[in-house]
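This report refers to the structure that appears directly beneath it.
Each chain gets a letter, A, B and so on, in the order the sequences are listed, and its residues count up from 1.
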Amino acid sequence: MIAIVDCNSFYAACERLFKPSLHGKPVVVLSNNDGCIVSRSDEAKALGIQMAGPYYQHKKEIEKNKVAVFSSNYNLYGDISWRVMETLRILSPEVEVYSVDESFLDLGGIEENKLQEYALFVKHTTELWTGIPVSIGIAPSKVLSKVANKLAKKNKVATGGVMILQTPEQQKEALQNTPVADIWGIGGASVKKLALYHINTGWDLRNMSEGWARKNLGGVVGVRLIKELRGEPCIEMKDQLETKKMIGTARMFGKPVYEMQDLREAVATYISRVAEKLRRQSSAAKTITVFLVTNDYSQTYAYKPATSSLYTILPVATSLTHVLIAHAMPLVEGLYRKGSKYLKAGVLLSDIVPDGAVQFNLFQKPSLQSEKKLMAMIDNVNYGMRHDLIKFAGAGTKRNWKMRQEHSSRCFTTRWTE
DNA sequence: TCTGGGGTCCTAGGACCC
DNA sequence: TCTGGGGTCCTAGGACCC
């Protein structure tokens, strides 16, 4: 059996940890740049505030209902997430961290009649040690465990936050009560398609044939989904040591920018971030993509962002920030059009290889040990102090493009000064 | 005036090889 | 009038997740 442990309203719960007066009150957390609502406490959900809705559209009702508003504080959420996952790793032999607020547990070693007891133990211990409430769904496959989790969350009082789908009858009932849109792996495009076939619940979908799924539901992806719904596990527990195949950073600007210099600084800053992430997993990258997002039709009040991108392939894979910056700047220059209004920029590293196995090039000098040492020093200082205490001059100092964060809480658990 | 960020997996189709 | 078979690699783009 597989369990999924999912933190309830995770970001909102983190903010409440350090402001206990907000327990039982509506709380929302905004995305970067204070753009969208990305986390809501139950009380905020009850007010009808939609997930991923633009903040400014809800501002009136938020103020009227005295909803507590927070900008996103990823230092805080990252650290609390780490505490939750460490707790799960202590309580359970095999943990796959799936996202910042969710982990799958392999319960292969637990006797089937002890599952309920075990799940309650995990839930209570996690909540006691970290202060973050969680819900747990257990079933023979990952997709069914997600179904169970959703039902546990929906009926917290009746289920105690734990739901187990063990017997075929339990699975049938659960799927009959689950709209197809709530199934893990079914997104907006599929919901529309399924409606044409009068497939409305998880149970309807479960009863379709594999041949039908192969033809109409994304090929092998659809087949796997049907099998998982029938309780036949097809999505394996993932090895946590796998390295990322793409690493990217992209940000909306606090306000639109028009000058190439601002774009160059922003891109150099983002390169510094991705290079850090790259070094953290001991990799090097061979391909850099830079993209810029414009909105040139604002006279009509239409929000129609357009993305343009360029990439370059390096002669030798690297993780040195200054080398990556040097290769990224010409891409910015190639993309820039004077007079355009830029909303966002981003960089993406791909063709990622282990740093110890970089294929050298006859005509290029490999990175010097001293350069690698320099990177390690910079990472160390920035990790211990503040993430941009040491930075490259190309990243600029004025930061005209810096994102808006008007409701930020402090980094309670990661900065002594705060 | 204002709409996030970071990923994965898969397929179709083009280009190319012998 | 008629024009093979078997394969690889790459890219763009779709769909999805939280």
Just to verify, which of A:L175, A:L194, A:N200, A:T178 counts as forming a side-chain contact (heavy atoms from CB on, under 4.5 Å) with A:L205? A:L194

Nucleotide nearest A:V220 (side chain, heavy atoms from C-beta), chosen from C:dC18, B:dG4, B:dT11: B:dT11

Counting any heavy atom closer than 4.0 Å, what does A:D101 reach on the DNA or RNA strands: base, sugar-phosphate only, or nothing? sugar-phosphate

Which nucleotide wins on minimum distance to the side chain of A:K341, given the candidates B:dT3, B:dG6, B:dC2? B:dC2

Side chain to side chain donor-acceptor pair (under 3.5 Å), that's the test. Do A:S409 and A:E15 meet it? Break it down for me. CA-CA 8 Å; A:S409 53; A:E15 296 295 351; 2.8 Å; yes

When the C1' atoms of C:dC17 and B:dG4 are compared, how many Å lie between them, rounded to an integer? 14 Å

d(OH, A:Y74; P, B:dG6) in whole Å: 9 Å

Closest listed nucleotide, where the reference is the side chain of A:W184 and the choices are B:dG6, C:dC17, B:dG4: C:dC17

Indicate, with a heavy-atom threshold strictly under 4.0 Å, whether A:G188 touches base, sugar-phosphate, or nothing. sugar-phosphate

Between B:dT8, B:dC2, B:dG4, which nucleotide gets closest to the side-chain atoms of A:N32? B:dG4

What contact category does A:L217 fall into here, base, sugar-phosphate, or nothing, at under 4.0 angstrom with non-hydrogen atoms? nothing

Which whole-number value in Å describes the distance from A:F291 CZ to B:dG7 P? 11 Å

Please report the distance, rounded to the nearest Å, between CD1 in A:I247 and P in B:dG5. 18 Å

Would you indicate, yes or no, if B:dT3 has its OP1 or OP2 atom less than 4.0 angstrom from a side-chain nitrogen or oxygen of A:K344? no

Determine: side-chain N/O of A:R224 to OP1/OP2 of B:dC9, distance under 4.0 Å, yes or no. no

Check this for me, if you would: do A:K372 and A:D355 make a salt bridge, where the nitrogen-to-carboxylate-oxygen distance has to be below 4.0 angstrom? yes

Identity of whatever pairs with B:dT8 - Watson-Crick or G-U, under 3.5 angstrom: C:dA15

A cation-pi test, strictly: NZ or CZ of A:K344 under 6.0 Å from the centre of the six-membered ring of A:F253 and no more than 45 degrees from its axis. Yes or no? no

Considering residues, nucleotides and ligands other than A:Y74, do more than 12 of their heavy atoms fall under 6.0 Å from its OH? yes

At less than 4.0 Å, is any side-chain N or O atom of A:K146 found next to OP1 or OP2 of C:dC18? Yes or no. yes

To the nearest Å, how far apart are A:R273 CZ and B:dG4 P? 19 Å

From OH of A:Y55 over to C1' of B:dG5, roughly how many Å is that when rounded to an integer? 20 Å

Measure from the ring center of A:W82 to the ring center of A:Y77 and say whether it is less than 6.0 Å. no

Spacing of CD belonging to A:E259 relative to OH belonging to A:Y342, to within rounding of 0.5 Å: 11.0 Å

How would you label the contact of A:F10 with the nucleic acid (heavy atoms, under 4.0 Å): base, sugar-phosphate, or nothing? nothing

Which one, C:dC17, B:dG5, B:dC2, comes nearest to the side chain of A:Y56? B:dC2

Could you check which of B:dG7, C:dC16, B:dT3 has an atom nearest any side-chain atom of A:K277? B:dG7

Rounded to whole angstroms, how far apart are CD on A:E242 and C1' on B:dG7? 13 Å

Between B:dG6 (C1') and A:R251 (CZ): distance, integer Å: 9 Å

Should A:S31 be listed as having a side-chain N or O under 4.0 Å from OP1 or OP2 of B:dT3? no

A:S99 has its side chain closest, among B:dG4, B:dT11, C:dC18, to C:dC18

Please work out if A:S72 contacts a base, only the sugar-phosphate, or nothing of the nucleic acid, heavy-atom cut-off 4.0 Å. nothing

Please give, in whole Å, the distance from B:dC9 P to A:K245 NZ? 4 Å

Closest-nucleotide ordering on DNA chain B, the 5'-leading residue of A:P256 and A:L348: A:P256

Short side-chain N/O contact to B:dT8 OP1/OP2 from A:K238, under 4.0 Å: no

